[in-house]
Amino acid sequence: MSQPSSVDELSSPSDFISRMRHTTAHVLAQAIRERMPEAQMGIGPVIDNGFFYDFQLPEQLSEDDFPAIEARMRQIVKADLPMVRWSEPREEARKRCEELSQTFKVRLIDDLPDEAEISFYQQGDFVDLCKGPHIESTGKIGAFKLMSIAGAYWRGKAENEQLTRVYGVAFETQDELDNYLIKLEEAKRRDHRVVGKHLKLFHIDDAVGQGLVLWTPAGGAIRTELQNFISNELRKQGYDQVYTPHIGRLELYKTSGHFPYYAESQYPPLVQREFLAALASDGCTCGELSNKLSDGDVEGYLLKPMNCPHHIKIFASQRHSYRDLPIRLAEFGTVYRWEQSGELNGMTRVRGFTQDDAHLFCTEEQVPGEIQGCLQLVKTIFGTLGMTDFRVRVGLRDPDSSKYVGDPANWDKAEAACREAAMTLGVPFSEEPGEAAFYGPKIDFVVQDVIGREWQLGTVQVDYNLPVRFDLTYTGADSMPHRPVMIHRAPFGSMERFVGVLIEHFAGSFPTWLAPEQVRILPIADRHAEWCEALKTRLVEAGIRATVDSRSEKTGKKVAEGQVARIPYLLVIGDRDIAAGNVSVRHRELGDLGGRSVDQFMDDLLHEVRERLLAPIPPVKEV
RNA sequence: GCCCACGUAGCUCAGUGGUAGAGCACUUCUUUGGUAAAGAAGAGGUCAUGGGUCCGAUUCCCAUCGUGGGCUCCA
């Protein structure tokens with residue numbers, strides 16, 4: 001679901017469908033109020049495809065109640081009640097809401113600016129504070145359906161009351177609604193969790209833990225290809241590969257500022273045995289433990305929530321001249337974060353994930369060029385994968401927040417560099433105040449999943465903070481120590497999330513270079529199996545992921561299963577092929593391509609894989 | 001973490017207050033078949049886990065764990 005599409009939560013866009021959806025929300029509120037007269041109403045805005053309305057209810061509402069509520073809503077629609085609007089002075093309006101005991105509406109009025117017009121809408125005997133606009137009468141409402149119930153905090157703040165949010169969708173006609181519901185079903189079929197299970201790409205096991213992804217052989221093949229791809233690009237751009245362990249001393253993260261500041265979003269520290277024993281015998285409380293941890297009285301290790309401190313220590317392990325810079329340290333680094341359980345989602349939101357991470361250490365002057373280089377890499381990767389549907393977000397400081405560290409003057413420079421680099425990408429981008437990391441501005445690349453949720457993939461972040469915290473220096477031309485600037489960047493984001501998004505992007509039909517199984521050879525009869533095995537060996541030796549389906553099944557069945565498994569190439573082999581030294585090629589999308597020589601097939605296939613083509617070159621059918 | 005829903009065979013799902021079913025997958029046999037699914041037989045489940053109500057619970061109630069959709073959060 002999406003955010004309220006209006007900036008002002010009391011109003012909604014004025015096109016017919018939006019007005020109609022908004023009116024449907026009021027009809028829902030009326031039906032709920034009739035059912036539970038004590039219900040308090042929160043806000044009820046228009047969203048993509050529909051609406052929601054928040055209520056504080058005297059008793060629990062369940063989705064089982066939807067049929068009854070929908071039935072009452074249909075009666076209200078059928079009654080064709082006119083939507084009557086009027087406005088009144090603040091005090092009067094306030095009194096009216098108080099009399100209706102709508103305390104949330106009173107709070108809304110109190111938050112309205114002095115000059116705001118305060119208006120109400122009424123249908124039948126149901127009155128609601130609302131800026132509108134609405135349609136003329138409830139009879140104009142088309143087809144609607146209540147979708148789900150969710151808890152939602154008043155004003156979106158966790159410390160506020162939790163309200164019951166009812167989501168609904170509404171369209172002008174039943175056909176449009178049916179169409180929407182069908183599309184939703186289709187989208188669910190390409191959900192990476194569904195496709196991932198079907199194609200056996202990954203597995204998450206209770207016994208291993210929530211949000212901890214197990215890469216199966218098929219998923220592993222995809223990941224390996226992606227990592228090889230990016231490693232090659234990094235080499236071309238002058239990156240050096242490093243490796244670092246999965247844990248580090250608490251001290252390291254105190255220096256970096258990650259601990260205890262972000263302690264709640266990390267796995268608890270690994271503390272020494274002696275301390276655990278002392279804890280058990282002394283009856284030390286959890287509060288004491290956390291105090292001792294943050295005071296530094298306890299030695300311990302942290303599962304790393306980020307790779308930067310380790311990379312920084314590699315940089316700092318040697319003296320650097322300005323002539324060495326920039327230094328670019330890359331690692332597929334696995335990090336662990338304690339995401340809230342309600343937020344976990346397949347591969348796209350997990351607790352352990354591997355970033356295609358790198359940290360660049362450069363001079364102030366090199367920052368714009370390095371950012372450009374990062375964006376070039378992103379362009380290459382997304383271009384190769386045919387991912388054009390993403391947006392760029394430039395995260396800037398929130399003007400009225402003190403959570404940022406570092407020199408504001410440096411921030412200004414960094415923000416300017418990000419803005420300029422983003423502009424050169426040639427894609428639409430938005431500047432978003434408040435989206436910056438605590439240590440610097442950033443450029444994010446955001447994509448949507450099958451049901452329209454946005455996920456952040458790659459990121460490029462400038463950091464003026466950590467070099468100070470770790471007192472990093474390089475020797476300048478003046479032989480004096482200077483402070484380097486750091487850039488964190490991960491164009492894929494994490495392998496988990498990226499592959500999750502890719503599964504949905506390709507709906508499981510990966511381009512040949514990424515496909516876990518690229519070629520499946522189908523002998524028609526048992527007597528062809530030996531020849532097929534030899535062919536497989538030849539393909540495998542050429543670096544192709546090929547298998548033979550030598551079961552005693554009919555060819556039609558083997559073809560069907562190969563298609564369902566989304567394998568790019570099926571080779572049907574019988575007497576005719578063996579006699580001619582040919583393979584009969586069937587492509588996943590293009591169908592039966594007829595016979596061609598083994599050499600020809602391999603040349604084409606290897607070219608397609610080497611060039612990482614999204615689709616095969618148009619086939620030249622041999623006669 | 002919070003709200004609502006869900007958890008039955010490897011997968012997709014039916015079903016019931018009297019200890020369970022289908023399709024696909026799997027195993028074996030028959031079949032050796034040229035581009036989307038050949039036939040038969042077999043095997044497979046302490047109905048998520050732990051309590052409670054009941055003569056009896058997979059079914060009803062509670063808790064826990066997990067999953068899904070939201071909310072909050074997100075270095």
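Chain letters run A, B, ... following the sequence lines, proteins first, then strands; residues in each count from 1.
Rounded to a whole Å, the CG atom of A/D206 is 5 Å from the C1' atom of B/G66. Atom NZ in A/K554 sits roughly 8 Å away from atom C1' in B/U31 (whole-Å rounding). In this structure, A/R520 places its CZ atom 13 Å from C1' of B/A36, rounding to the nearest Å. The NZ-C1' distance, from A/K200 to B/U12, rounds to 13 Å in whole Å. Atoms CZ (A/F202) and C1' (B/C11) sit 15 Å apart, rounded to a whole Å. Between the NZ atom of A/K188 and the C1' atom of B/A5 there is a distance of 12 Å, rounded to whole Å. For the pair A/R551 CZ and B/C24 C1', the computed distance is 12 Å after rounding to whole Å. When the C1' atom of B/C3 is taken as reference, atom CD1 of A/I149 falls 9 Å away, rounded to whole Å.
Among the atoms of the strands shown, base atoms are found under 4.0 Å from some heavy atom of A/D526. In this structure, A/Q210 reaches the sugar-phosphate backbone alone: every heavy-atom distance under 4.0 Å involves primed, P, OP1 or OP2 atoms, never a base. A/A158 comes within contact range of the sugar-phosphate backbone alone, with a heavy-atom separation under 4.0 Å but no base atom that close.
Aromatic ring orientation, A/H359 versus A/H311: perpendicular (interplanar angle above 60°, classes split at 30° and 60°). Between A/F315 and A/F361, the ring planes lie parallel to each other; the angle is under 30°, not in the 30° to 60° tilted range.
Taking the side chain of A/A150 as heavy atoms from C-beta on, and the options B/U67, B/U35, B/G69, the nearest nucleotide is B/G69. Listed nucleotides B/U35, B/G33, B/G1 differ in distance to A/D592; the shortest reach to its side chain belongs to B/U35. In the set B/G69, B/C4, B/G34, B/C4 carries the atom at the smallest distance from any side-chain atom of A/S62. In the set B/G69, B/A37, B/G34, B/A37 carries the atom at the smallest distance from any side-chain atom of A/V564. The side chain of A/K197 has B/U12 as its nearest neighbour among B/G33, B/A38, B/U12. Residue A/R527 has its side chain nearest to B/G33 when only B/G33, B/U35, B/A36 are considered. Listed nucleotides: B/G34, B/A38, B/G70. Nearest to the side chain of A/E553: B/A38. Here the nucleotide nearest the side chain of A/A560, chosen from B/G69, B/C71, B/A37, is B/A37.
Side-chain atoms of A/S148 and base atoms of B/G70 include no donor and acceptor less than 3.5 Å apart. Applying the 3.5 Å distance criterion, the base of B/C74 shares a donor-acceptor pair with the side chain of A/R349. The base of B/G1 lies close enough to the side chain of A/Y153 for a donor and an acceptor atom to sit less than 3.5 Å apart. You'll find a donor-acceptor pair under 3.5 Å spanning the side chain of A/D577 and the base of B/G34, going by distance alone.
In this structure, B/U31 forms no base pair with any nucleotide, since neither Watson-Crick nor G-U wobble geometry is met with both distances under 3.5 Å. Shown here, B/C60 forms a base pair with B/G52; the pair counts as Watson-Crick or G-U wobble because both key distances fall under 3.5 Å. Taking a pair to require two hydrogen-bonding distances under 3.5 Å in either a Watson-Crick or a G-U wobble arrangement, B/A5 pairs with B/U67. Remark: B/A25 base-pairs with no nucleotide; criterion is Watson-Crick or G-U wobble with both hydrogen-bond distances under 3.5 Å.
Counted by atom type alone, A/W154 and A/D54 present zero donor-acceptor pairs between their side chains at under 3.5 Å.
Under 4.0 Å is where a charged nitrogen must lie from a carboxylate oxygen, and between A/E161 and A/R107 at least one such pair does. Under a 4.0 Å N-O distance rule, the pair A/R453/A/E504 does not qualify as a salt bridge.
Straight-line distance between the C1' atoms of B/G50 and B/U12: roughly 29 Å, to the nearest whole Å. Distance noted for atom P between B/C3 and B/C62: 14 Å (whole Å). Taking atom C1' on both B/G45 and B/A5, the two are 24 Å apart, rounded to the nearest angstrom.
Neither OP1 nor OP2 of B/U67 sits under 4.0 Å from any side-chain N or O of A/N345. The phosphate of B/G69 (OP1 or OP2) has a side-chain N or O of A/R193 nearer than 4.0 angstrom.
Within 6.0 Å of the CD atom in A/E530, the count of heavy atoms belonging to other residues, nucleotides or ligands does not exceed 12.
Comparing A/E63 and A/G156 against RNA chain B, the residue whose closest nucleotide sits nearer the 5' end is A/E63. Both A/R165 and A/Q461 lie close to RNA chain B; mapped to their nearest nucleotides by heavy-atom distance, the more 5′-ward contact belongs to A/R165.
Atom CG of A/L535 sits about 5.0 Å away from atom CH2 of A/W531, to the nearest 0.5 Å.
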